Amino acid sequence: MWHYLHQWASPKWFYQRSGRWLPWLAALTLLTLAVGSIWGLVIAPPDYQQHDSMRIMYVHVPTAILSESVYLLMALCSAVFLIWRIKLADMLASVMAPFGAAMAFLALFTGAVWGIPTWGTWWTWDARLTSMLVLLFLYLGVIALRGAFQQMLAGARAAGIIALVGLVNLPIIKYSVVWWNTLHQASSFSIAHKPAMPASMWLPLLVMIVGSYLFMVTLIMMRTRSEILRREAGMAWVKQLAQAPMSKEDAA
């Protein structure tokens with residue numbers, strides 16, 4: 001077990017192993033998202049109250065879940081880097097921040113679009129909306145702080161500490177609709193409770209959520225491979241990798 005985990009901590013091993021998995025992950029991601037999109041946006045029945053406007057749920061809910069999941073993963077990677085100095089963990093945290101910020105922005109944007117026909121307003125200082133906005137600011141803060149230091153190590157440490165402090169916002173987001181009686185409705189999807197909607201509506205949502213997680217893994221893996229090459233450019237194995245295409249051309 002520890003030997004396997006130790007292998008994953010190696011940038012070289014991660015780069016080589018992830019390269020074999022990426023084509024399969026990318027194909028599975030495209031297939032799942034295509035099925036979920038057609039099923040949710042075209043085939044699923046409209047809501048009896050919100051009609052077709054509720055179809056934005058098939059984009060809004062997965063992006064909202066992803067924005068929280070990515071932040072949790074980023075904070076865990078930051079903790080691993082701060083405690084054990086594993087540089088691959090910091091590489092993962094650095095590529096997760098922009099992706100998580102994009103998902104948080106997309107969740108807020110689709111929520112605003114959904115709010116106009118549902119609530120009659122695109123924004124209110126609702127507990128769920130406000131805590132999601134704080135999540136976006138946390139992502140932006142982590143990105144800005146990492147880039148504010150000339151020394152990469154100092155920036156990584158500062159960004160990691162902010163990421164860990166920001167963890168306190170995640171339970172506030174999750175339980176905001178429970179702790180406060182606000183405008184935002186209760187969660188539409190939960191793995192611990194029976195869905196409040198019929199299977200014809202929550203099944204495509206489940207497919208979209210699974211596809212979104214596959215998209216997250218695929219994109220983070222791709223960006224981490226690029227980050228590994230950038231940071232390990234001086235290592236012998238990266239130089240050999242860069243020379244490999246030239247050797248094939250020469251051989252031809």
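In this chain, residues are counted from 1 in sequence order. What you see is a predicted model, and the numbers here were worked out from it, not measured in a lab.
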Side chains of Met74 and Tyr139: does their closest heavy-atom pair fall under 4.5 Å?
yes

Between Glu68 and Leu72, is there a side-chain heavy-atom distance shorter than 4.5 Å?
no

Could you give me the CA-CA distance, side-chain angles and deciding distance for Thr224 and Leu88, then say whether side chain to side chain contact (heavy atoms under 4.5 Å, CB included) is met?
CA-CA 9 Å; Thr224 304; Leu88 181 61; 4.1 Å; yes

Would you check if Trp114 and Gln50 make a side-chain contact, meaning some heavy-atom pair closer than 4.5 Å?
yes

Walk me through it: do Leu219 and Val95 pass the test side chain to side chain contact (heavy atoms under 4.5 Å, CB included)?
CA-CA 9 Å; Leu219 192 64; Val95 303; over 6 Å; no

Are Arg231 and Asp90 close enough that some pair of their side-chain heavy atoms sits under 4.5 Å apart?
yes

Classify the ring geometry between Tyr175 and Trp179 as parallel (under 30°), tilted (30 to 60°) or perpendicular (over 60°).
parallel

With rounding to the nearest 0.5 angstrom, report the CE to CE distance, Met103 to Met96.
13.5 Å

Donor-acceptor pair, side chain of Arg225 and main chain of Ile220, under 3.5 angstrom:
no

When you measure from the side chain of His60 to the backbone N and O of Ala107, does any donor-acceptor pair fall under 3.5 Å?
yes

Heavy-atom distance under 4.5 Å between the side chains of Phe215 and Val210, does that happen here?
no

Is any side-chain heavy atom of Glu232 closer than 4.5 Å to a side-chain heavy atom of Trp237?
yes

Are side-chain heavy atoms of Ile116 and Thr121 found at a separation under 4.5 Å?
no

Within a strict 4.5 Å, meaning less than it, do heavy atoms of the Ser212 and Thr63 side chains meet?
no

Is it the case that the side chain of Arg146 and the backbone of Ala159 share a donor-acceptor pair, with hydrogens and angles ignored and the cut-off at 3.5 Å?
no

So the side-chain hydrogen bond (donor to acceptor under 3.5 Å, both in side chains) pairs with at least one residue in residues 26-35 (sequence neighbours excluded) are Thr29-Thr218

Any donor-acceptor pair under 3.5 Å linking the side chain of Tyr71 with the backbone of Ala163?
yes

Would a hydrophobic clustering, with Ile, Leu, Val, Met, Phe, Trp and Tyr connected at side-chain separations under 4.5 Å, put Ile162 with Val80?
yes

Among residues two or more places apart or on two chains, list those pairs meeting salt bridge (charged side-chain N to carboxylate O under 4.0 Å, His left out) that have a residue in residues 97-122.
none

Test: Lys87 and Glu227 ion pair at under 4.0 Å
no

Residue pair Met57, Met197: steps toward the side chain to side chain contact (heavy atoms under 4.5 Å, CB included) verdict
CA-CA 12 Å; Met57 165 184 73; Met197 62 184 84; 3.9 Å; yes

If you measure from CG on Leu25 to CG on Leu30, what distance do you get to the nearest 0.5 Å?
11.0 Å

Here the gap from Ser69 atom OG to Ile209 atom CD1, rounded to the nearest 0.5 Å, amounts to 9.5 Å

Is a donor on one side and an acceptor on the other found under 3.5 Å between the side chain of Ser94 and the backbone of Met91?
yes

Does Asn169 reach the main-chain N or O of Val134 with its side chain, forming a donor-acceptor pair under 3.5 Å?
no

Looking at Ile173, is its backbone amide N or carbonyl O close enough to the side chain of Arg128 to form a donor-acceptor pair, meaning the two atoms are under 3.5 Å apart?
yes

When you look at Met216 and Leu73, which way does the side chain to side chain contact (heavy atoms under 4.5 Å, CB included) test go after all the steps?
CA-CA 11 Å; Met216 176 193 75; Leu73 290 174; 3.9 Å; yes

When the ring centroid of Trp39 is compared with that of Tyr58, is the distance short of 6.0 Å?
no

Give, for atom CG of Leu41 and atom CD1 of Ile56, the distance between the pair rounded to the nearest 0.5 Å.
9.5 Å

Could you give the distance from CD1 (Ile65) to CG (Leu205), rounded to the nearest 0.5 Å?
7.0 Å

Does atom CZ of Phe105 have more than 12 heavy-atom neighbours, drawn from other residues, nucleotides or ligands, at distances under 6.0 Å?
no

State plainly whether one hydrophobic cluster holds both Phe81 and Ile83, where clusters connect Ile, Leu, Val, Met, Phe, Trp and Tyr through side-chain heavy atoms under 4.5 angstrom apart.
yes

Distance in Å, Trp24 CH2 paired with Leu214 CG, rounded so as to fall on 0.5 Å steps
14.5 Å

With a 3.5 Å distance limit and no angle check, can you tell me whether Ser37 reaches the backbone of Ala34 through a side-chain donor-acceptor pair?
no

